[in-house]
Asks: 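First, the structure itself, so that you have it in front of you.
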Amino acid sequence: METYDPQAIEAKWQRVWEDERAFYTDDPEPGEEREKFYMLEMLPYPSGDLHMGHVLNYTLGDVLTHFRRRHGLRVLRPMGWDSFGLPAENAAIREGGHPRQITDRNIANIERQMHRLGWAIDWDRVIAAHDPAYYRWTQSLFLRFFEKGLAYRKEAPVNWCPNDQTVLANEQVINGRCERCGAVVEARKMEQWFFRITAYADALLEDHKLLDWPERTITIQRNWIGRSEGAELLFRIEDLDIDAAVFTTRADTVFGATFFVLAPEHPLVDTMIERSPHGDEIRDYVRIAMARRGEERAAAEEKTGVFTGLTATNPATGEEIPVWVADYVLMEYGTGAIMAVPGHDERDREFAERFGLEVRQVVDEERGVLIDSGDFSERPVDEAKRAVVGWLASLGRGRPAVSFRLRDWGFSRQRYWGCPIPIVYCGSCGIVPVPDDQLPVLLPEVEDYRPKGKPPLASNEEWLNVPCPSCGGPGLREADTMDTFVDSSWYFLRYCDPRNDDAPFSRELVDFWMPVDQYVGGIDHATGHLLYSRFWVKVLNELGLVGFREPFARLFHQGWVRQGGTKMSKSRGNVTAPDQLADMYGADAVRLYILFVGPADQDMDWTEEGVEGIARFLRRLWRIVHEAAASGDSAAEGPLARKAHETIAKVTDDIGRRFVFNTPIAAVMELVNELGRDPSAAGARFAAETAVSLIQPYAPHVAEELWSALGHERLWEQDWPVADESQLVRRTFELVIQVNGRVRDRVEASVGESEAELVERAMASPRVQAHVDGKQVRQTIVVPDRLVNLVV
RNA sequence: GCCGAAGUGGCGGAAUUGGCAGACGCGCCGGACUCAAAAUCCGGUGGGCCGCGAGGCCCGUGUGGGUUCGAUUCCCACCUUCGGCACCA
């Protein structure tokens, strides 16, 4: 027996797998019989180095990949790169070089590290967001959205750094200041691109029922979409000769609406500035309010606002109530205007108290009924909500309405390193899409990635100025690029048909592979990537490009691997990178360890204490399996064989049904411990084969080597072992005997004994007798084949 | 403030349907091997108490209650930690 040399055997088997194309997946044959399984982990951003979070994510996926493959499924398990985005651009600005060079270098490095870990990936299907062969189709799909009116431009506030003359992403704003220069960030309005995801709000909620997802993820999405049922009510503003609509979920409180408030951005405000005697004050207020960013407004100590000098008519009471403009009312929600009911709304009350406005109680909170509300007085709140809306509707002053918290998805980025938006602005034709046959719109070279008051792409005049595709007149290209969430909203479709030059993907292939059967990724993407991808697939479905409505049938969230937390830096100093760890202990040890330390769906503080234990286990496994191979008896019965069958059942259930990845390792350790007591015992060979076979998804290299030592080959394509049910049936068991719920003795008993027999055994125990001690047994509880409890 | 998740030995964790708390591993202790150490192997290891010993008793899953013959598991309240959201009418 040679000593266990992880480096050598890992290199050896990785070469074999590559030579045999073991983990590459061909397109389905016509009349394909094998069931498909699409295994996918979230698209990684190619930072320079793999970290332990990646190792957890992809090892988990790898275990499932091997497990499903060995169940005879045709498994697709691809990999690619979310390779556009700010980090590469920042690195280019900081250190020089081109974002493309930096990105390509990082991809090469991280890909090498991935190979080092031995993951079973179909590297033929690799895609990269920044590859023109990919982003031409991102652009093409964008055009389909544009044609349907689902991609549009509108003015919206952005974070603007007045010093750097640039738009900042939310994560670049730290406490209201620019992360780079520290200048106070302002809100500025710009024309930007949006996807009309709000049009799919109901569909996104409705189709949750099609998903086998963690409940909390669905809850997060549901809250994010924020569907509220209520009503739109009309308030007459006589001075302007218009009706202004408000959204409310508390139509029952309309009798208590003592003032009316518009958001500063509300379109009517301009009219008011013109027509109101207080026009100047309104204008001043609006200017100040609009310069404040959303978070600043929310964080303000006290609510601010300005009286417009106008009044609106409360449709329920007929009273004239004052109209105010205040920035605690958000233009983005509802109608951008509210009826203020300070008697029953905390925010309205705060405002009313500050400005001395009337507060009127119209609901008796204790009894839950309306008061001082005309004909509706004494009616319960829920009933009154409907009744009031019905009444106002009959007067033409209201209607039931639904409002959503969800906003449209702004995907313009005033950045260089992203997918160009294939649009040309023409003086005579307006917004003109670049025709499909002129795609891709390639990302041009620029001299400086820093935006100086305009997006970086706009600095390349030659690129920027193009003839209008429609009329041939002078045109200007769109200089914004796309949010990287656009790239990742359809990559899982491209994997199904990654080298298609004629279309983003063939419908036949995506309909075969999709939906993703098992998706694995962080819960941090609950309201971003996961929602956007669902939206895209719904649109593509309506366009007839795909035959399904949901992209990810089943979802699993791995926990966070925290590194460098106070706990660990104190105890151990530096953290070792995964590939260094692999150099020290081997890839198999790293893979086993990351899954062994705890449940994969829970957060963990990374520590290397314990990796030695895994390395020790692998050396033990190596030695014991070799011993069993030399002298092991291949009997398929006896205690060791039974233990092996129990382990098969446990591991299969844990991975396949429970989605638990740490306990199977413990189960195999137990089997190996038992085998180690006598590697030449009856059934030892079978136990060794079982242990090797079961550990293969976790530690494929050493498993393959040991499988050879046992005289077999190609473990990676062997069927997953099946537990022999007859071996699992026990004839005897250890009867637990309790007195008053406390365990007092354990005795052997036969399976299937009657309650009376079990009680008799219990009473026969001297230890039990000592506790019963002549007392009256008042009750006996018997759990067949398990336990007896005597109550005295 | 609101929503969610979680609190189990010195440590990471296990206990799947209300039925033997602490599997498996780390660490630690003892032993074997060794001139010695490392590695390896064997044994022990929740706390307290009683017993020369075999063994026995009590306490114990964040805290306090409850349901139950029986609770880490179910219910109520509270504490702590970690996430997410935060003027959404």
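Here is the naming used below: chain letters follow the sequence lines, and residue numbers restart at 1 for every chain.
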Asks: Do A:Arg554 and A:Trp213 meet the cation-pi criteria used here (NZ or CZ under 6.0 Å from the six-membered ring centre, within 45° of the axis)?
Replies: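 Judged by the rule, A:Arg554 and A:Trp213 form no cation-pi pair.
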Asks: Just jot down the ring pair (Phe, Tyr, Trp, His ring centres under 6.0 Å) partners of A:Phe235, sequence neighbours excluded, or say none.
Replies: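 Testing A:Phe235 for ring pair (Phe, Tyr, Trp, His ring centres under 6.0 Å), a comparison that skips the adjacent residues, returns A:Phe260.
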Asks: Could you tell me how far apart A:Glu346 (CD) and B:C2 (P) are, to the nearest whole angstrom?
Replies: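 So the two atoms are 10 Å apart, to the nearest Å.
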Asks: Distance check needed: B:C85 C1' versus A:Arg222 CZ, whole Å only.
Replies: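 Between C1' of B:C85 and CZ of A:Arg222: 16 Å.
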Asks: C1' atom, B:U45 versus B:C24: distance in rounded Å?
Replies: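 Straight-line distance between the two C1' atoms is 15 Å.
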Asks: Dot-bracket for RNA chain B, 5' to 3', with Watson-Crick and G-U pairs under 3.5 Å, [ ] for crossing pairs and | for other-strand pairs: what is it?
Replies: (((((((..(((......[....)))((((((.......))))))(((((....)))))..(((((..]....))))))))))))....
Asks: Taking atom P in both B:C74 and B:G18, what distance in whole Å separates the two?
Replies: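 8 Å, rounded to whole Å.
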Asks: With a non-hydrogen cut-off below 4.0 angstrom, is A:Arg405 in contact with a base, only sugar-phosphate, or nothing?
Replies: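 Touches a base.
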Asks: Using atom C1' of each nucleotide, how far apart are B:U17 and B:C82 to the nearest Å?
Replies: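 Here B:U17 and B:C82 have their C1' atoms 30 Å from each other.
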Asks: Show each protein N/O and nucleotides 65-68 of chain B N/O combination with a separation under 3.5 Å, one pair to a line.
Replies:
none

Asks: Would you mind listing every side chain to side chain donor-acceptor pair (under 3.5 Å) that reaches into residues 783-792 of chain A, with sequence neighbours excluded?
Replies: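 Matches after skipping sequence neighbours: none remain.
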Asks: Which class fits the ring pair A:Trp324 and A:Phe355: parallel under 30°, tilted 30 to 60°, perpendicular over 60°?
Replies: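 The rings of A:Trp324 and A:Phe355 sit tilted, inter-plane angle from 30° to 60°.
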Asks: Taking only distance into account, with no hydrogens and no angle test, what donor-acceptor pairs under 3.5 Å do side-chain atoms of residues 214-221 of chain A form with protein atoms, sequence neighbours excluded?
Replies:
| from | atom 1 | to | atom 2 | distance (Å) |
| --- | --- | --- | --- | --- |
| A:Thr217 | OG1 | A:His557 | NE2 | 2.7 |
| A:Thr219 | OG1 | A:Glu215 | O | 2.9 |
| A:Gln221 | OE1 | A:His208 | NE2 | 2.8 |
| A:Gln221 | OE1 | A:Arg534 | NH1 | 2.8 |
| A:Gln221 | NE2 | A:Ala526 | O | 2.9 |

Asks: Who pairs with A:Arg642 by side chain to side chain contact (heavy atoms under 4.5 Å, CB included), at least two apart in sequence or on another chain?
Replies: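 A:Arg642: side chain to side chain contact (heavy atoms under 4.5 Å, CB included) contacts with A:Glu646, A:Gln727, A:Arg730.
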Asks: Which pair of non-hydrogen atoms, one from A:Leu406 and one from A:Ala201, has the smallest distance, and what is that distance?
Replies: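 What the structure gives for the nearest pair is CD2-CB, 4.1 Å.
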Asks: Checking A:Arg616 now: which residues fulfil salt bridge (Lys or Arg N to Asp or Glu O under 4.0 Å) with it, not counting sequence neighbours?
Replies: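 With sequence neighbours excluded, A:Arg616 shows a salt bridge (Lys or Arg N to Asp or Glu O under 4.0 Å) to no residue whatsoever.
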Asks: Tell me: CG of A:Asp653 to C1' of B:A14, nearest whole Å?
Replies: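 From A:Asp653 CG to B:A14 C1': 15 Å.
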Asks: Between A:Tyr585 and A:Glu612, do the side chains contain a donor N or O and an acceptor N or O under 3.5 Å apart?
Replies: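 Yes, side-chain donor-acceptor contact under 3.5 Å.
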Asks: Reading RNA chain B from 5' onward, which residue's closest nucleotide shows up sooner: A:Leu330 or A:Trp560?
Replies: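 Nearest nucleotide further toward 5': that of A:Trp560.
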Asks: Would you please test A:Thr3 and A:Asp5 for side chain to side chain donor-acceptor pair (under 3.5 Å) and show each step?
Replies: CA-CA 6 Å; A:Thr3 53; A:Asp5 178 358; over 6 Å; no
Asks: At 4.0 Å (heavy atoms only), tell me whether A:Gln779 reaches a base, stays on the sugar-phosphate, or touches nothing.
Replies: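 Since only primed, P, OP1 and OP2 atoms lie under 4.0 Å of A:Gln779, the category is sugar-phosphate.
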Asks: What pair of heavy atoms forms the shortest contact from A:Ile624 to A:Pro679, and how long is it?
Replies: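 Heavy atoms of A:Ile624 and A:Pro679 come nearest at O-CB, 4.2 Å.
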Asks: Identify which nucleotide among B:G12, B:A21, B:A89 has an atom closest to any side-chain atom of A:Val743, counting heavy atoms from C-beta outward.
Replies: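 Closest nucleotide among those given: B:A21.
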Asks: I need a per-nucleotide contact map over nucleotides 23-29 of chain B, read 5' to 3'. Cutoff is protein heavy atoms under 4.0 Å; write B for the base, S for backbone only, - otherwise.
Replies: BBSSS--
Asks: Tell me whether the guanidinium CZ or amine NZ of A:Lys303 lies under 6.0 angstrom from the six-membered ring centre of A:Phe351 and within 45° of its axis.
Replies: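 Geometry flag: not set, cation outside 6.0 Å or 45°.
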Asks: Looking only at non-hydrogen atoms, find the nearest pair between A:Val389 and A:Ala251 and report the distance.
Replies: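 Smallest heavy-atom distance, with atoms named: CG2-CB, 3.5 Å.
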Asks: Should the ring pair A:His525 and A:Phe485 be called parallel, tilted or perpendicular, given that the plane angle runs from 0 to 90° and is split at 30 and 60?
Replies: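 Aromatic pair A:His525/A:Phe485 classed perpendicular.
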Asks: With A:Trp409, which of A:Trp224, A:Tyr532, A:Phe194 fulfils ring pair (Phe, Tyr, Trp, His ring centres under 6.0 Å)?
Replies: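 When ring pair (Phe, Tyr, Trp, His ring centres under 6.0 Å) is applied between A:Trp409 and each of A:Trp224, A:Tyr532, A:Phe194, only A:Tyr532 qualifies.
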Asks: Check every atom of B:G19, B:A15, B:G12 against the side chain of A:Val597 and return the nucleotide holding the closest atom.
Replies: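 The answer is B:G12.
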Asks: At under 4.0 Å between heavy atoms, which parts of nucleotides 55-62 of chain B does protein reach? Answer with one letter per nucleotide, 5' to 3': B base, S sugar-phosphate only, - none.
Replies: -SSSS---
Asks: Using distance alone, with no hydrogens and no angle criterion, decide if A:Asn57 and A:Thr59 have a side-chain donor and acceptor under 3.5 Å apart.
Replies: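 No donor-acceptor contact under 3.5 Å links the two side chains.
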Asks: I'd like the P distance from B:A14 over to B:U8, given in whole Å.
Replies: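 My reading of the P atoms in B:U8 and B:A14 gives 11 Å.
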Asks: Whether A:Arg619 contacts B:U40 is assessed here as follows: a side-chain N or O lying under 4.0 Å from the phosphate OP1 or OP2. Is that the case?
Replies: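 Answer is yes, contact under 4.0 Å.
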Asks: So A:Val329, base contact, sugar-phosphate only, or nothing? Heavy-atom distance under 4.0 Å.
Replies: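 The answer is base, as A:Val329 lies within the cut-off (heavy atoms under 4.0 Å) of a base atom.
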Asks: C1' atom, B:G22 versus B:C26: distance in rounded Å?
Replies: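 Between the two C1' atoms, the distance is 15 Å.
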Asks: I want to confirm an ordering. Mapping A:Val660 and A:Gly676 to their closest nucleotides on RNA chain B, which one lands closer to the 5' end?
Replies: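 Closest to the 5' end, via its nearest nucleotide, is A:Val660.
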Asks: Please report the shortest heavy-atom distance between A:Ala340 and A:Asp348, naming the atom on each side.
Replies: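 Closest approach of A:Ala340 to A:Asp348, heavy atoms only: CA-OD2, 3.3 Å.
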Asks: Between atom CG in A:Asn789 and atom P in B:A71, what is the gap in whole Å?
Replies: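 Interatomic distance, CG of A:Asn789 to P of B:A71: 10 Å.
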Asks: Round to the nearest Å and state the distance from A:Ile220 atom CD1 to B:A5 atom P.
Replies: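 One finds 10 Å between P of B:A5 and CD1 of A:Ile220, rounded.
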Asks: Output the single nucleotide from B:G19, B:A14, B:C87 whose closest atom is nearest the side chain of A:Pro599.
Replies: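 Minimum distance to the A:Pro599 side chain belongs to B:A14.
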Asks: Pull out every residue in residues 522-531 of chain A that has a heavy atom closer than 4.0 Å to any atom of RNA chain B, ordered by number, or say none.
Replies: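 Those residues: none at all.
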Asks: Could you pull out all residues at least two apart from A:Arg354 that satisfy salt bridge (Lys or Arg N to Asp or Glu O under 4.0 Å)?
Replies: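 With sequence neighbours excluded, A:Arg354 shows a salt bridge (Lys or Arg N to Asp or Glu O under 4.0 Å) to A:Glu302, given in chain and number order.
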Asks: What is the separation between atom NZ on A:Lys303 and atom C1' on B:A89, rounded to the nearest whole Å?
Replies: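 Those two atoms, NZ and C1', are 11 Å apart.
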Asks: Would you mind reading off the distance between A:Glu350 atom CD and B:A89 atom C1', rounded to a whole angstrom?
Replies: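 These atoms are roughly 14 Å apart.
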Asks: Around atom CD of A:Glu748, are there more than 12 heavy atoms of other residues, nucleotides or ligands at under 6.0 Å?
Replies: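 It does: A:Glu748 CD has more than 12 such atoms within range.
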Asks: Measure from CE on A:Met604 to C1' on B:U81 and round the result to the nearest Å.
Replies: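 Value for this atom pair: 18 Å.
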Asks: Could A:Asp653 and A:Arg658 be called an ion pair, given the rule that one side-chain N must be under 4.0 Å from one carboxylate O?
Replies: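 Salt bridge between A:Asp653 and A:Arg658, a charged N being under 4.0 Å from a carboxylate O: no.
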Asks: For atom P, what is the distance between B:G27 and B:G83, given to the nearest Å?
Replies: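 Those two atoms are separated by 30 Å.
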Asks: Identify, residue by residue, the members of residues 224-235 of chain A with a heavy atom below 4.0 Å from RNA chain B, and return them in order of residue number, or none.
Replies: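 Per residue number, the list reads A:Ser228.
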Asks: Does a salt bridge link A:Lys643 with A:Glu670, judged by any charged N lying under 4.0 Å from a carboxylate O?
Replies: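 A:Glu670 and A:Lys643: salt-bridged.
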Asks: Write down the distance separating the C1' atoms in B:C79 and B:U63, rounded off to the nearest Å.
Replies: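 It works out to 7 Å between them.
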Asks: Syn or anti for B:G9, with syn set at within 90° of 0?
Replies: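 For B:G9, whose glycosidic angle is within 90° of 0, the conformation is syn.
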Asks: Counting heavy atoms from C-beta on, name the nucleotide in B:C20, B:A14, B:A89 closest to the side chain of A:Thr249.
Replies: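 So the nucleotide nearest the side chain must be B:A89.
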Asks: Taking atom P in both B:C69 and B:U16, what distance in whole Å separates the two?
Replies: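 The answer is 22 Å between these two P atoms.
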